[in-house]
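In what follows, a structure is listed as structure tokens, so that the remarks can point back to it.
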Amino acid sequence: MTKVLISTDAMSLALGSRRICALLAEEAFRRGLALDIVMIGSRGLFWLEPLVEVETSSGRVAYGPLKPSDVGGLFEAGFLEGKDHPLRLGLLKDQPYLARQTRLTFARCGIVDPLSIEDYRTYGGYVGLERALGSQPQEVVDEVKLSGLRGRGGAGFPTGIKWDTVLHAEADQKYIVCNADEGDSGTFADRMLMEGDPFTLIEGMTIAGLAVGATKGFIYIRSEYPHAYHTMSKAIEVASNAGYLGSSVMGSVRAFTLETRLGAGAYICGEETSLLESLEGKRGMVRAKPPLPALKGLFGRPTVVNNVLSLATVPWILANGGQAYADFGMGRSRGTLPIQLAGNVRRGGLIELAFGTTLRDIIEDFGGGTATGRPVKAVQIGGPLGAYFPASMLDIPLDYEALAAAKGMLGHGGIVVFDDSVDLSRQARFAFEFCAAESCGKCTPCRVGAVRGVEVMDRIIAGIEPQKNFDVLEDLCTLMTDASLCAMGGLTPLPVMSALTHFPEDFDKSPRVAAAAE
Amino acid sequence: MSVAILAAEFLTRMAQNLQPDQPSASEQYLGEDMTTYIQWNNDRAREIIAAHALFDGAALPILHALQFEFGFIHEEAIPLIADALNLSRAEVHGIVTFYHDFRRDPAGRHVLKLCRAEACQSMNGTGVAQDLLATLGISWGETTPDGSLTVEGVYCLGLCACAPSALYDGEPIGRLTLDTLADVVREARAP
Ligand SMILES: Cc1cc2nc3c(=O)[nH]c(=O)nc-3n(C[C@H](O)[C@H](O)[C@H](O)COP(=O)(O)O)c2cc1C
Ligand code: SF4
Ligand code: FES
């Protein structure tokens with residue numbers, strides 16, 4: 001039976017893959033053809049979606065982007081034999097967008113059936129866990145240290161060092177918590193991975209549990225991701241039934257169990273201590289640090305809190321060795337970064353590359369410029385707390401330190417492109433508005449500062465007493481940066497001040513009558 | 001998720017694929033992809049609370065399950081949860097109000113969650129959203145007078161490479177335009 005594969009990743013669904021799927025089934029039925037339709041995750045080439053792949057003797061031949069009206073023609077053209085059609089793309093792996101990438105964390109996403117353990121094993125799954133089961137906990141931690149892996153959630157803290165702290169903490173119970181709150185605008189890699197290759201995350205968390213001596217894990221998934229939540233919960237069930245989770249992981253007599261939890265629409269719950277409060281069933285109020293979650297985390301026990309991508313990269317590291325991972329990258333940013341290219345861009349998607357590629361390469365070569373065809377004016381990197389950069393600064397390499405040196409941050413690797421219709425004073429205002437809406441309210445600089453920030457920006461945008469209000473704005477930003485308890489309040493000035501620094505003309509709202517009269 | 005098809009069977013399966021299955025002990029209800037809410041009733045609420053009370057950190061799982069069933073968190077749920085979890089009413093109230101997801105009033109028959117974050121802004125999401133709200137004559141979080149549609153703003157749905165985007169009764173929609181939104185409104189209003 002011919003195998004036809006189609007992505008039901010949430011972004012593919014948003015582009016209409018469900019309808020294509022239904023039409024394929026109907027058309028096949030009408031023609032009396034038997035098809036094996038497999039719903040998979042996405043490879044992340046979203047501008048080519050919805051697309052279908054047909055398994056042929058020369059590989060999976062792709063067709064896309066498809067409109068509902070294309071389906072009949074595909075059958076006519078003989079797509080089930082991989083024959084020619086105007087939308088025939090050939091093998092996806094030969095697309096330059098994909099061929100140029102280094103897929104380690106995302107090696108299987110969009111290839112395997114997300115809920116098939118057999119598929120997962122066929123494509124190299126659980127090799128890392130087998131190795132971890134045959135090693136001492138300290139050896140596993142050392143391998144992760146050697147890889148140079150840094151937390152992909154935003155702060156870039158070395159994962160191996162965090163694990164070491166938890167390993168050496170004494171406690172009757174320890175936990176692994178996966179931060180799947182992925183709240184940053186412009187990011188979707190955690191979501192794609194959970195929907196397309198959930199066992200990788202399960203394997204990574206299991207390895208983390210063995211490494212630090214934790215027998216229980218939680219995946220905290222934002223409620224905006226119902227599909228990821230559903231796939232992840234299912235995958236846990238499948239893995240448990242197959243003996244990969246439970247009281248004896250792969251027959252080792254070592255226990256590890258997992259549960260999913262849903263967030264409830266609070267950006268701040270991505271901050272790790274707020275997330276822990278929320279998991280405990282409370283308001284997501286940020287905790288003061290110390291104590292570190294590694295020592296006093298969930299229910300007061302030593303806890304590893306890691307981002308989805310940090311944990312999902314661990315199986316590769318264990319399977320291939322820490323050094324092999326560290327061989328990719330630049331400076332202190334080792335390995336690969338799953339970059340998410342989004343917003344006003346022609347070819348948005350997931351781009352996993354070794355650290356060090358320039359922004360220009362990503363936006364121009366991969367992205368092909370803006371979707372609207374107008375010039376790129378600004379890019380925001382690292383989510384709502386990240387800086388805006390002008391088109392003239394696109395030669396910055398993607399690397400934690402290089403972005404920090406340019407007064408920005410890499411965050412979770414999201415890049416949002418804006419064309420020349422954007423007004424950066426409005427974006428600065430939005431940064432405060434967002435902070436006001438999402439602040440946990442625990443400290444004054446953030447809670448009150450954000451509201452003040454909106455007011456000040458309103459006055460600047462209205463052209464009222466500009467100089468005075470610029471001074472207020474700068475003082476406010478300094479106060480928020482210096483005195484906020486967490487990075488929500490502490491980094492909101494980053495988008496604001498970068499907008500002001502790089503796009504001062506957008507903040508100059510003085511009447512232009514005189515200039516026009518000249 | 002491989003299915004050797006008969007089209008009819010396949011289509012049913014597909015329709016079910018994204019619906020939550022019967023929740024097992026380790027599973028909670030999904031947030032928002034069902035729109036046939038039932039009338040608030042204390043007994044059913046007690047059952048739901050009891051079914052989730054033994055979870056670690058039970059408050060959120062309980063609140064999600066209640067909202068899934070009733071479409072919002074009824075005032076009367078607060079003392080019930082407080083009792084079950086040994087919390088004060090003020091604490092439970094504090095939890096409900098902290099999280100944007102939990103509604104205090106019934107939702108419309110359909111819910112549209114429109115993204116208001118930066119990537120969607122870059123594709124004129126703000127303009128599209130404002131036009132929609134103006135056409136419907138409501139603001140963020142409100143329900144149309146005929147009870148057909150609640151429009152809520154959210155910050156990012158992870159659909160940023162096909163901005164602007166939304167979830168309509170849990171179903172993702174990308175590259176939103178005024179036309180596609182008009183279709184949504186029409187569908188919501190259909191009896
Ligand atoms: C306001 C705020 C929001 C955050 N949101 C997330 C998030 O959505 N996902 C995430 O993994 N980390 C987020 N973080 C970072 C976490 O606090 C923490 O550093 C991270 O989960 C640790 O995992 P890692 O070391 O693997 O990155 C956020 C931090 C702040 C201050
Ligand atoms: S900075 Fe804002 S979010 Fe962070 S603790 Fe203070 S009030 Fe809460
Ligand atoms: S910013 Fe709108 S979906 Fe991410």
Side-chain angles (χ1 to χ4, degrees), chain A residues 1 10-11 13-15 18 21-22 25-26 28-29 34-39 46 113-116 182-188 191 223-227 229-230 233 237 259 261-262 264-267 278-284 340-344 348-349 371 380 384 416-418 422 434, chain B residues 1-8 10-11 14 17-18 20-21 24 26-28 30-33 55-61 63-64 85 91 94-95 98-102 113 115 117-124 154-163 165-167 170-175:
Chain A
M1 205 176 347
M11 198 117 65
L13 292 176
L15 291 166
R18 182 189 291 279
C21 208
E26 272 171 29
F29 185 60
L35 292 188
D36 185 8
I37 299 188
V38 185
M39 288 177 268
F46 289 108
D113 177 341
L115 292 176
S116 158
E182 196 169 60
D184 291 357
S185 165
T187 66
F188 44 81
R191 185 188 57 64
S223 60
E224 293 84 349
Y225 286 3
H227 303 78
Y229 174 77
H230 189 244
S233 302
E237 212 174 291
E259 286 179 34
R261 283 289 187 280
L262 264 185
Y267 177 77
S278 184
L279 261 183
E280 290 181 11
K282 303 177 191 150
R283 296 155 64 89
Q340 301 123 85
L341 184 58
N344 194 334
Q380 186 180 28
V416 177
V417 182
F418 293 81
V422 68
F434 181 72
Chain B
M1 275 183 280
S2 167
V3 262
I5 68 147
L6 263 187
F10 174 76
L11 292 174
M14 212 172 46
N17 174 36
L18 296 166
D21 299 323
S24 60
S26 65
E27 230 179 279
Q28 311 136 64
L30 272 181
E32 193 73 76
D33 44 355
F55 278 50
D56 292 319
L60 264 65
L63 289 167
H64 274 301
L85 301 184
E91 281 171 303
I95 297 167
F98 182 86
Y99 296 98
H100 300 305
D101 273 5
F102 300 126
K113 296 193 176 203
C115 176
E118 291 91 334
C120 289
Q121 293 167 11
S122 79
M123 291 299 285
N124 191 33
V154 290
Y155 293 116
C156 194
L157 295 162
L159 307 172
C160 332
C162 58
S165 43
L167 285 182
E171 191 62 28
I173 328 176
R175 294 184 190 148

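Given the structure is predicted, the values throughout are model-derived calculations rather than measurements. So you know, we letter chains A, B, ... as the sequences are listed, proteins then strands, and number each from 1.
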(message) So for A371(A), is it side chain, backbone, both, or neither that comes closer than 4.5 Å to the heavy atoms of chain B?
(response) side chain
(request) Measure distances from Q380(A) to the heavy atoms of chain B and classify the residue's part below 4.5 Å as side chain, backbone, both or neither. (result)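 Q380(A) touches chain B through side-chain heavy atoms alone.
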(message) Looking only at heavy atoms and a cut-off of under 4.5 Å, which of G284(A), G348(A), G349(A) has the most pairs with chain B?
(response) G284(A)
(request) Could you tell me which of A342(A), A10(A), A264(A), G265(A) has the largest number of non-hydrogen atom pairs under 4.5 Å with chain B? (result)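 That would be A264(A).
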(message) Quick check on I95(B) against chain A: is it the side chain, the backbone, both or neither that has a heavy atom closer than 4.5 Å?
(response)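 Its backbone and side chain both get close to chain A.
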(request) For D184(A), enumerate each residue passing the side-chain hydrogen bond (donor to acceptor under 3.5 Å, both in side chains) test, keeping only those at least two apart in sequence or located in another chain. (result)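 Applying side-chain hydrogen bond (donor to acceptor under 3.5 Å, both in side chains) to D184(A) gives Y267(A).
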Pick from [options] with the largest number of heavy-atom pairs that fall under 4.5 Å of chain A:
{"options": "A58(B), C115(B), G158(B)", "value": "G158(B)"}
{"options": "A59(B), C120(B), S165(B), A119(B)", "value": "A119(B)"}
{"options": "A117(B), G94(B), A163(B)", "value": "G94(B)"}

Are any of the side-chain heavy atoms of [X] and [Y] separated by less than 4.5 Å?
{"X": "L13(A)", "Y": "H227(A)", "answer": "yes"}
{"X": "L341(A)", "Y": "V417(A)", "answer": "yes"}
{"X": "V38(A)", "Y": "S116(A)", "answer": "no"}

(request) Output all residues satisfying salt bridge (charged side-chain N to carboxylate O under 4.0 Å, His left out) with E224(A), sequence neighbours left out; order by chain, then residue number. (result) R222(A)
(message) Show, in sequence, the C-alpha distance, side-chain angles and deciding distance for Y99(B) and L63(B), and conclude whether the side chain to side chain contact (heavy atoms under 4.5 Å, CB included) test is met.
(response) CA-CA 10 Å; Y99(B) 296 98; L63(B) 289 167; 5.7 Å; no
